[in-house]
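Let me begin by presenting the structure, written as structure tokens, before commenting on it.
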4 protein chains.
Amino acid sequence: MAGNAARQPSARSAKSRADKRRHILEAAVEVFARAGFHKSRVSDVAKEASVADGTIYLYFKSKDEILLSIFEEAMAEMIEAVEAQLAPLSDPFEQLRTFAAFHMSRVEKHKSVAKVLQVELRLSNTFMREYKPTKLKQYLDIVGRIVRLGQSQGVMRDDVNPIIIRRALFGALDEIAMQWILTPAARYGLKESASQIADVFAAGLRKPDA
Amino acid sequence: MAGNAARQPSARSAKSRADKRRHILEAAVEVFARAGFHKSRVSDVAKEASVADGTIYLYFKSKDEILLSIFEEAMAEMIEAVEAQLAPLSDPFEQLRTFAAFHMSRVEKHKSVAKVLQVELRLSNTFMREYKPTKLKQYLDIVGRIVRLGQSQGVMRDDVNPIIIRRALFGALDEIAMQWILTPAARYGLKESASQIADVFAAGLRKPDA
Amino acid sequence: MAGNAARQPSARSAKSRADKRRHILEAAVEVFARAGFHKSRVSDVAKEASVADGTIYLYFKSKDEILLSIFEEAMAEMIEAVEAQLAPLSDPFEQLRTFAAFHMSRVEKHKSVAKVLQVELRLSNTFMREYKPTKLKQYLDIVGRIVRLGQSQGVMRDDVNPIIIRRALFGALDEIAMQWILTPAARYGLKESASQIADVFAAGLRKPDA
Amino acid sequence: MAGNAARQPSARSAKSRADKRRHILEAAVEVFARAGFHKSRVSDVAKEASVADGTIYLYFKSKDEILLSIFEEAMAEMIEAVEAQLAPLSDPFEQLRTFAAFHMSRVEKHKSVAKVLQVELRLSNTFMREYKPTKLKQYLDIVGRIVRLGQSQGVMRDDVNPIIIRRALFGALDEIAMQWILTPAARYGLKESASQIADVFAAGLRKPDA
DNA sequence: AATGAATGAGGTTTCATTCAT
DNA sequence: GATGAATGAAACCTCATTCAT
């Protein structure tokens, strides 16, 4: 019986395992943000996390998988957080502004994570070519849902496709964020950008006769 | 004979040199679009262009420089072409629609070039980190100029920063284009997307009381 | 309780230790025969034996030592078994045939062990380069002894060196066995091969005028 | 036209290419014989051949392919050489002795090659598991042919299978050779061993009443 | 005794770039 | 100018072994 138990990670070891995994992930975020995914060696991540190179592979199948995990887990957190902020709001225009503000504040607060997501993730062939971005779709669909809500309330134009708009808004925010991340001294604040983009989209989506 | 002529840069050899350079560039576009920049070897480009590997280096300093040249020259052409389309138009909203439609039709017509620009360019560390995108800024500034024109004509809102808007519009178009390129069967046409994005931005930028 | 007993090496724990060692060895034979020594990981052997990786090292110094132990113990068994079969025989030619038949039937009956011995053992650098094959010499010398017996009885040629003959016979049997093991569908039976080889060696060693 | 010609290796470059390939192969034989295939690094071979590491891969697809090439080319040479020695002989027993003597003298003269073939080749998983030993079969079949010749001449026993005998003889010779290679101070000469093995096989195969 | 998480050394191969011809 | 053979740097991952529990 003791033998069987030992084959299943115990409660304590499961927690400790998750902790170490997160520890490595955080180290990877710092390293990738600093030097870029391609220029970072697995041994750099290991050193930053104070573990041996091989230990990385007890928690991740490959270097690429580390990057994907950063993405997946950051997106999962963002989805949860933004949903919480949107829940109490009933006005779709208000929701649109909140989403944009949330996205940009997230980028600002978690600059390293944002840097990895926006810049490094795109450098990974694996990601761009093979990964099915379920989580990204889910995040994008929040915007789609807002638009559909506005349309069903009769306050947003019916002649736009939510699938197009959600990606357009994301592209707009994303491009600004990338610029802000890449340019050491940006000439405009993220908060201001979020506000203006939300304004333009809100005004542009509002039903003319409403 | 050609060899002798080449000793002195003459009108003919200069032209021939430019031709060969263009020939290599076009080969590179095909190769990069087919297999991706990272997976393409310089020798693949050489083979496609029917020249020796070393010959590439008589025309380009490095593999990265090939990619940058593709970008620079495509942008230069685009700038010239879109300026020609915008010149006869005086209405900034009309210009906005024209710009968006132009961008997307360009992507559609030159799929290989677009693929390289949108996807592969981002995979190049050199570009994202070290390249100063003068030509891109110039292209973007066309949008900025349209917005400033609209503001000076009093038909566009004064409370938006053209620098932010130009990048937002570009990001929106770019994200849609990338999606279209990456997804074998896109669920919406580029023309329709361009139209909707232009509509939303136009409506969103129009002065409320105008 | 078992734990307490184990603190003092007792007759029971010594037996239990030997049992576990044998258990691991048998697991290793299966694993090595299945996937090859080099491709097998120590953790594969551990899993097959239902013990932890580290436990292996309580019984064996290294992965190589497992292989050597398989060899040593298999040879010891073979020596004992063949000696028992040879003991009642007085005719050296009869002994020769018995030895060959024994060797091949052993290969046939213990295919996994044979596979490991014949194929995998040779893949181990350690073995071929550093190991002193005492047990193998002992096994080989059984043949040498048979030849010397025949010579002393005056029925076998004196102009052959038993040291050469013993190795030649072993090589002949071994090569056939390896072929049989490596080739899924062998074109001849091991028993028939043993018989023919023994026949040729017997006839070849018989004193012409005897 | 000059361009087309350049795509085909010229007579001169083809020769030079073959020379360099052979040069690398000879370096590899020395290195592998000295330290063993597994312990030898590709860079060791490169250093011995005075070329860059990458150059190796212009001539061989992989490290394994180097080993296979050594084998294939050595076997091809041996087949040709032994056939030449056997051609003038009509007595199958004489042929048998010549074959054995040839094999052993070959081992003695090309000790490094023999060492690689006998010992190192067997250490290569690729070879033992995936390679179809056509050349080896061809070499072995020379013995088979000799036996069949003896049988058709009515001087060799009909009750033995040439397929078994050819492999048995090879195994006998091979085992002695391996021993001689592995043991710094062998207790018997290769020439003497060849002679005795040939004698035993010849006598053993001779038709009793002939 | 048993566990299994952690360690860290080790090497093949690719391919951008050079340069002698 | 053109060639293409040669160069050589660079890093991911595996897995035998250890040792704290």
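So you know, we letter chains A, B, ... as the sequences are listed, proteins then strands, and number each from 1. The basis for the numbers below is simple: all heavy atoms, side chains too, and nothing from hydrogens, waters or symmetry mates.
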Dot-bracket notation for DNA chain F, counting Watson-Crick and G-U pairs under 3.5 Å, with | for partners on another strand: .||||||||||||||||||||

Any donor and acceptor pair, going by atom type alone, linking the side chain of C/Lys63 with main-chain N or O of C/Phe37 inside 3.5 Å? yes

OP1 or OP2 of E/dA1 sitting under 4.0 Å from any side-chain N/O of C/Tyr59? no

Pick out which of D/Ile66, D/Leu67, D/Ile70, D/Val45 makes a side-chain contact (heavy atoms from CB on, under 4.5 Å) with D/Val29. D/Ile70

About how many Å separate CD1 of B/Ile56 and OG of B/Ser62, when rounded to the nearest 0.5 Å? 11.5 Å

Rounded distance (Å) that lies between atom P of F/dC12 and atom CD of A/Glu65: 15 Å

Using whole Å, report how far CD1 of B/Ile24 lies from C1' of F/dA2. 11 Å

Distance in angstrom units between A/His38 NE2 and F/dA9 P, rounded: 21 Å

A/Leu58 atom CG is separated from E/dG4 atom C1', nearest whole Å, by 10 Å

Which is true for D/Lys61 with a 4.0 Å heavy-atom rule: it touches a base, it touches only sugar-phosphate, or it touches nothing? nothing

With a 4.5 Å cut-off on side-chain heavy atoms, are B/Val42 and B/Tyr57 touching? yes

In whole Å, I'd like the distance from the CG atom of A/Asp44 to the C1' atom of F/dA11. 10 Å

For A/Arg17 and E/dG4, what is the distance between atoms CZ and P respectively, to the nearest whole Å? 13 Å

Can you work out whether D/Lys20 or C/Tyr57 has the more 5'-proximal nearest nucleotide on DNA chain F? D/Lys20

Would you mind reading off the distance between A/Lys39 atom NZ and F/dA9 atom P, rounded to a whole angstrom? 18 Å

Between D/Asp19 and D/Arg22 (salt bridge meaning N to carboxylate O under 4.0 Å), is one present in this structure? no

With respect to the side chain of A/Lys63, which nucleotide from E/dT3, F/dC12, E/dT12 is positioned closest? F/dC12

So which one's nearest nucleotide on DNA chain F is more toward 5', D/Asp53 or A/Thr55? D/Asp53

5'-most contact on DNA chain E: B/Gly54 or D/Gly54, nearest heavy atom basis? D/Gly54

With the threshold set at 4.0 Å, does a side-chain nitrogen-carboxylate oxygen contact exist between A/Asp44 and A/Lys47? no

What's the CG-C1' distance between A/Asp19 and E/dA5, to the nearest Å? 15 Å

Choose from F/dT17, F/dT3, E/dA16 the nucleotide whose nearest atom is closest to any side-chain atom of C/Val42. F/dT17

Taken to the nearest 0.5 Å, the spacing of B/Ser112 OG from B/Glu26 CD works out to 11.0 Å

